[in-house]
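In this text the structure is predicted, and so the values were computed from the model without any measurement. Chain identifiers are assigned alphabetically (A, B, ...) following the order of the sequence lines, protein sequences preceding nucleic acid strands; residue numbering begins at 1 within each chain.
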Amino acid sequence: MIDLKLLKDDPDVVRQALLDRHENIDLDKMIKLDKQRRSIITEIQELKHQRNALSEKVGKLKREGKEPQELMKQAKELAERVKELDKTQKEVDDKFFEAVKWIPNIPHGSVPVGQGSDDNGFIRGLKKPPDFDFDVLTHWEIAEALDILDFKRAAKVSGSRFILYKGIGAKLERALINFFLDLHTVQHGYTEIMPPVLNPTDCLYGTGQLPKLESDMYKCRDDGFYLCPTAEVPLTNMHRDEIIPEKQLPLYYAAYTPCFRREAGSYGKDVRGIKRVHQFNKVELVKYTVPAHGYEEFEKLLADAEQAVKLLGLPYRIMLLCTGDMTFAAAKTYDIEIYAAGMKEWLEVSSVSIYDQYQARRANIRYRSTKGKVDYVCTMNGSGLATPRVFIALLENNQTKDGRISIPQVLQSYMDGKEYVE
RNA sequence: GGAGAGGUGUCCGAGUGGCCGAAGGAGCACGAUUGGAAAUCGUGUGUCUGCUGAGAAGUGGAUCGUGGGUUCAAAUCCCACCCUCUCCGCCA
């Protein structure tokens, strides 16, 4: 949620943010509702004040053994009016907050204004894809040849866009997960969490997937749970409705979870292979910090994710997303993309986002400063990394002329010391 | 699914209709003490929010799991729901 003071005192900032993000939201209606709401509140509070004062008098007189009938009658009349107004206020309030939920975060000043991926900025990494001196295959061709992914049977047990890893393929997937977790917990100081992956509505609202991405998630009909679309959800909601002592900050969490996405609206796209699937594995990094250190920690988080790609020796680049390409709740986002030689595309393997206090406001996550002041924390997260695309890149970039895949050195200890998938 | 117990501030915990935003303790902050620290002593200390104010602040309102109800007045009484714990059943 945005800071409501902005709406009242500086609505143009919000208006500009909406423009930059190409969000079509009727801000004037909200401002009007807010004004209406405030005036009702003022009125109600005045009445309640009177009522409370009367009640107090009644109490005092009764204790003195008197029966203040007249006062009680007055108070009753007041109380009835208050009750009615309370109802009106609730209606206006509900309308207002329902509308405010749809206001996205304000982009950070360093974010380029733009429409879509063409307007994203290049930060660092490879400018051009690497060359190969032989005809490269796509990952689905290699995987079938090596019998490490079984597309037909994946479709049989679940449908299209599901992955069935087999044999050394399954082991490679497990190696990636373990490598990422070990890297971030041992080298980068994150605390490992293994959270539940069925999460209730409140959690998805807290991190900002709801209300906007409702149709992109799987929902359990009878229990109302959503299948976790990213570990960001449980990791960020862990501290919902808490006030964290400042000296405990920053908090660093890393978690492996499967992630579930309906990928609604992408039907004809990327149907071959495992680039876009309904269930995938991801190691997610989440940090909670004091707002003043947010952007410094954010750059470190990016570097932590980048390190994983570097150690795997994959060709990558880091892009800064423009206003039009960022998700709803983010104030700034970097994408790490690796090049897949077979598909001849850059694939996003990590999206590193900072939310300022937007998520914290929604999820009510606060901290108490050493001086005793309470304020919302700053949250951020990034994939470190999502496996299917790393898997693609390993197959497509590490393929050899003779049809094998060389295993990066950092993974070999997780693969019984093997140097090749063959 | 059945039976019982419980949900109060940062935490523990008292509180069964008005003098309760809430005893007591811990924690935290500040001060004293100390060469420094621990211990000790003193003082302060919930959160959200309306209005006025440049601000310091002032003055209201709300808040004791959530939502309703009774009452002039609710942490306290009534109803529904949610969550946690214990026991039983069921499943793994």
- Can a cation-pi geometry be assigned to A/Arg362 and A/Tyr205, taking NZ or CZ under 6.0 Å from the six-membered ring centre and within 45° of the ring axis? yes
- Item | Axial cation check for A/Tyr252 ring with A/Lys287, 6.0 Å and 45° limits | yes
- Stepwise ring-ring contact (aromatic ring centres under 6.0 Å, His included) test for A/Tyr288 and A/Tyr367: CA-CA 10 Å; A/Tyr288 299 66; A/Tyr367 73 99; over 10 Å; no
Quickly work out the [X] [atom1] to [N] [atom2] distance and round it to whole Å.
{"X": "A/Glu56", "N": "B/G60", "atom1": "CD", "atom2": "P", "result": "10 Å"}
{"X": "A/Asp241", "N": "B/U66", "atom1": "CG", "atom2": "C1'", "result": "12 Å"}
{"X": "A/Lys83", "N": "B/A74", "atom1": "NZ", "atom2": "P", "result": "10 Å"}
{"X": "A/His239", "N": "B/U10", "atom1": "NE2", "atom2": "C1'", "result": "14 Å"}
{"X": "A/Gln248", "N": "B/C28", "atom1": "CD", "atom2": "C1'", "result": "12 Å"}
{"X": "A/Glu43", "N": "B/G61", "atom1": "CD", "atom2": "P", "result": "16 Å"}
{"X": "A/Leu54", "N": "B/G61", "atom1": "CG", "atom2": "P", "result": "12 Å"}
{"X": "A/Asp223", "N": "B/G1", "atom1": "CG", "atom2": "P", "result": "10 Å"}

Which part of the nucleic acid, if any, lies within reach of [X] when heavy atoms closer than 4.0 Å are counted: base, sugar-phosphate only, or nothing?
{"X": "A/Arg51", "answer": "sugar-phosphate"}
{"X": "A/Lys5", "answer": "nothing"}
{"X": "A/Lys62", "answer": "base"}

Taking the same atom, [atom1], in [N] and in [M], what whole-Å distance lies between them?
{"N": "B/G53", "M": "B/U76", "atom1": "P", "value": "38 Å"}
{"N": "B/U63", "M": "B/G42", "atom1": "C1'", "value": "32 Å"}
{"N": "B/A22", "M": "B/A62", "atom1": "P", "value": "14 Å"}
{"N": "B/C64", "M": "B/G21", "atom1": "P", "value": "12 Å"}
{"N": "B/G4", "M": "B/C81", "atom1": "P", "value": "15 Å"}
{"N": "B/U33", "M": "B/U43", "atom1": "C1'", "value": "15 Å"}
{"N": "B/U34", "M": "B/C11", "atom1": "P", "value": "37 Å"}
{"N": "B/C83", "M": "B/A23", "atom1": "P", "value": "32 Å"}

- With A/Glu263 as partner, the option from A/Arg276, A/Lys275, A/Arg161 fulfilling salt bridge (Lys or Arg N to Asp or Glu O under 4.0 Å) is A/Arg276
N/O donor-acceptor pair under 3.5 Å between [X] side chain and [Y] backbone:
{"X": "A/Asn105", "Y": "A/Tyr355", "value": "yes"}
{"X": "A/Glu246", "Y": "A/Val290", "value": "no"}
{"X": "A/Glu284", "Y": "A/Ala231", "value": "no"}
{"X": "A/Asn120", "Y": "A/Cys322", "value": "yes"}

- Measure the shortest side-chain to side-chain distance between A/His188 and A/Gln307 over non-hydrogen atoms and say whether it is less than 4.5 angstrom. yes
- By nearest nucleotide on RNA chain B, pick out whichever of A/Ile44 and A/Lys60 is the more 5' one. A/Lys60
- N or O in side chain of A/Asn52 less than 4.0 angstrom from B/G60 OP1/OP2: no
- Message: If we check side chain to side chain contact (heavy atoms under 4.5 Å, CB included) with A/Pro104, which of these qualifies: A/Ile2, A/Ile25, A/Thr327?
- Response: A/Ile25
- Note on the structure: Once base and sugar-phosphate atoms are separated, protein heavy atoms under 4.0 Å mark nucleotides 44-50 of chain B, 5' to 3', with B, S and - as --SSS-B
- All stems that RNA chain B takes part in, i.e. 3 or more consecutive Watson-Crick or G-U pairs with distances under 3.5 Å, are B:1-7 with B:82-88, B:10-12 with B:24-26, B:27-32 with B:40-45, B:46-52 with B:57-63, B:65-69 with B:77-81
- Message: Under 3.5 Å, is there a donor on one side chain and an acceptor on the other for A/Asp304 and A/Tyr190?
- Response: yes
- Message: Nearest to the A/Arg63 side chain among B/G61, B/C19, B/A73, which nucleotide is it?
- Response: B/C19
